[in-house]
Amino acid sequence: MKQKFTVFDAINYLLFILITIVCIYPFYYVVIYSISNPELASKVVLLPKGFSLQTYKTLFSLNNIVGAFGISVARTFLGTALTVVCTSFLAYLVTKQEMFARKFVYRFFVITMYINAGLIPWYLTMRAYGLKDNFLLYILPTAVSAYYMILIKTYMESLPISMEESARIDGAGYFRIFRSIIFPLCKPIVATIAIYAAVAQWNNWTDNYFLVNDENLQTMQMILYNYINQAQNVANVSSQTMADTANAVKITPMAIKMCITVIATVPIMCVYPFLQKHFVKGIMMGAVKG
C-alpha cells in the first residue's frame, strides 16, 4: 500500500533542498567566479560572466607551481599509504593480549592526543632527526596516529576471532595473518582513515613553512599560501605582462584568490568518490565497540 505524500513530507523535502543549496552554493560561486572574466566577476550570481581561464593560466605560469603540485601529490600518496600501513599494524598489535607491555604502549599513544610539547620542541626534534629540507619530513612524522589507531583497533576487535585462530592452527604467523586476513577485512575503516590522512597531507603546509627552505621541495599549499598573501602583486605582474596584448584580461586579486581556492580543493575532492562507499560503515564501526 502506497503511503500518502503529506504536508510534512513536502516541508521536509523543501527544507533539505534549501540546506543542500546553502551548503553547495558557496563552492559553486567560487568555481564560477574563477572561470569568469575577472573584470565582470563581481556581478556573478548563478552563471559565469564572460568565460575566461586567464587567471588559471597566470597561476600555472608562475615559478615552481608545477613542481610544487608534484611534491604535494607525492606526499599525499606516500604519506597516506605509510600512515595506513603503520597505524593499522600497530592497531593489530595492541589487540594481542600476549603482546609485551600492551596496555602501556596503548596508553602511551593515547596520552599523546592530550599532551603536546609545543612548536619549539617539535622543530628541534625534526631538525635533530635530519628532516630539515628533506622530503621525508612530509611522511615520516605522520606514519602513526593515535586517533586513527583507536578507530582501527576498535574495528579489529569487532571481527570474528575464529578466523585468526584457524589461520594460526594452519601455521600462519602474525605478519601473514595481518596481511592476508585482518587487513583485507578492515577495508571500510582503512578507507575512512585513508580519506582523513589524504586530506590532512594535502592541506598541510606548516611543516613546509618551518622546516623547508629548498625551493624544489616546496608544496603547492605553501606556494598558494604565499600567492594569496601576495595576490595584489601577482595581479600587477600579470597586468604588466599582458599590457601590450590585444584583448588583454585584467587579473584581479579576488580572482586569484578564487582560483587558488579551486586549485587547492578540487584534487582532494576527486578522492572521495572512490572511498565514499566505505566511509560511513568504517567510521561507525570504528568509533563504537559492538
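Quick note: numbers below take in every heavy atom, side chains included, and nothing from hydrogens, waters or symmetry partners.
- In this structure, the separation between CD1 on I32 and CE on M258 is 9.5 Å, given to the nearest 0.5 Å.
- Here the side chains of T95 and Y92 are in contact, with some heavy-atom distance below 4.5 Å.
- Here the side chains of L131 and T125 are not in contact, with every heavy-atom distance at 4.5 Å or above.
- The distance from atom OG1 of T83 to atom CG of L140, rounded to the nearest 0.5 Å, is 10.0 Å.
- Counting non-hydrogen atoms of neighbouring residues, nucleotides and ligands closer than 6.0 angstrom, the CD1 atom of I161 reaches no more than 12 such neighbours.
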Practice task
Any chance you could lay out the side-chain contact (heavy atoms from CB on, under 4.5 Å) test for I181 and E164, step after step, and finish with the verdict?
Solution key: CA-CA 7 Å; I181 299 176; E164 186 173 348; 5.8 Å; no
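- Residues W202 and V73 meet the side-chain proximity criterion, which asks for heavy atoms closer than 4.5 Å.
- At least one side-chain heavy atom of V84 sits less than 4.5 Å from a side-chain heavy atom of F183.
- Note on D207 versus R75: salt bridge recorded, some NZ/NE/NH1/NH2 to OD/OE distance being below 4.0 Å.
- The shortest distance between side-chain heavy atoms of S34 and I263 does not fall below 4.5 Å.
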Handout entry: Criterion side-chain contact (heavy atoms from CB on, under 4.5 Å) on M126 and F210, from CA distance to verdict
Key = CA-CA 10 Å; M126 295 300 105; F210 289 111; over 6 Å; no
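- Note: Y225 and Y209 have perpendicular aromatic rings, judged against thresholds of 30 and 60 degrees for the angle between ring planes.
- In this structure, Y29 and Y25 have tilted ring planes: the angle between them lies in the 30° to 60° band.
- Using the six-membered ring where Trp is involved, F178 and F89 have ring planes that are perpendicular, over 60° apart on the 30 and 60° scheme.
- Judged by the 6.0 Å and 45° rule, K96 forms no cation-pi pair with Y174.
- Atom CZ of R168 is surrounded by more than 12 heavy atoms from other residues, nucleotides or ligands within 6.0 Å.
- Within a 6.0 Å sphere centred on CZ of F77, other residues, nucleotides and ligands contribute 12 heavy atoms or fewer.
- Using modelled atom types and a 3.5 Å distance limit, the side chains of Q218 and N208 yield a donor-acceptor pair.
- F135 contributes atom CZ, which lies 12.5 Å from atom CG of D214 (distance to the nearest 0.5 angstrom).
- Other residues, nucleotides and ligands contribute more than 12 heavy atoms inside 6.0 Å of the CZ atom of F27.
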Handout entry: Test log, rule side-chain contact (heavy atoms from CB on, under 4.5 Å), inputs L185 and M156
Key = CA-CA 9 Å; L185 291 175; M156 287 179 176; over 6 Å; no
Handout entry: Full working for side-chain contact (heavy atoms from CB on, under 4.5 Å) between I182 and S88
Key = CA-CA 10 Å; I182 303 299; S88 297; over 6 Å; no
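- Around OH of Y123, the count of heavy atoms belonging to other residues, nucleotides or ligands within 6.0 Å exceeds 12.
- A 6.0 Å sphere centred on CD1 of I120 holds no more than 12 heavy atoms belonging to other residues, nucleotides or ligands.
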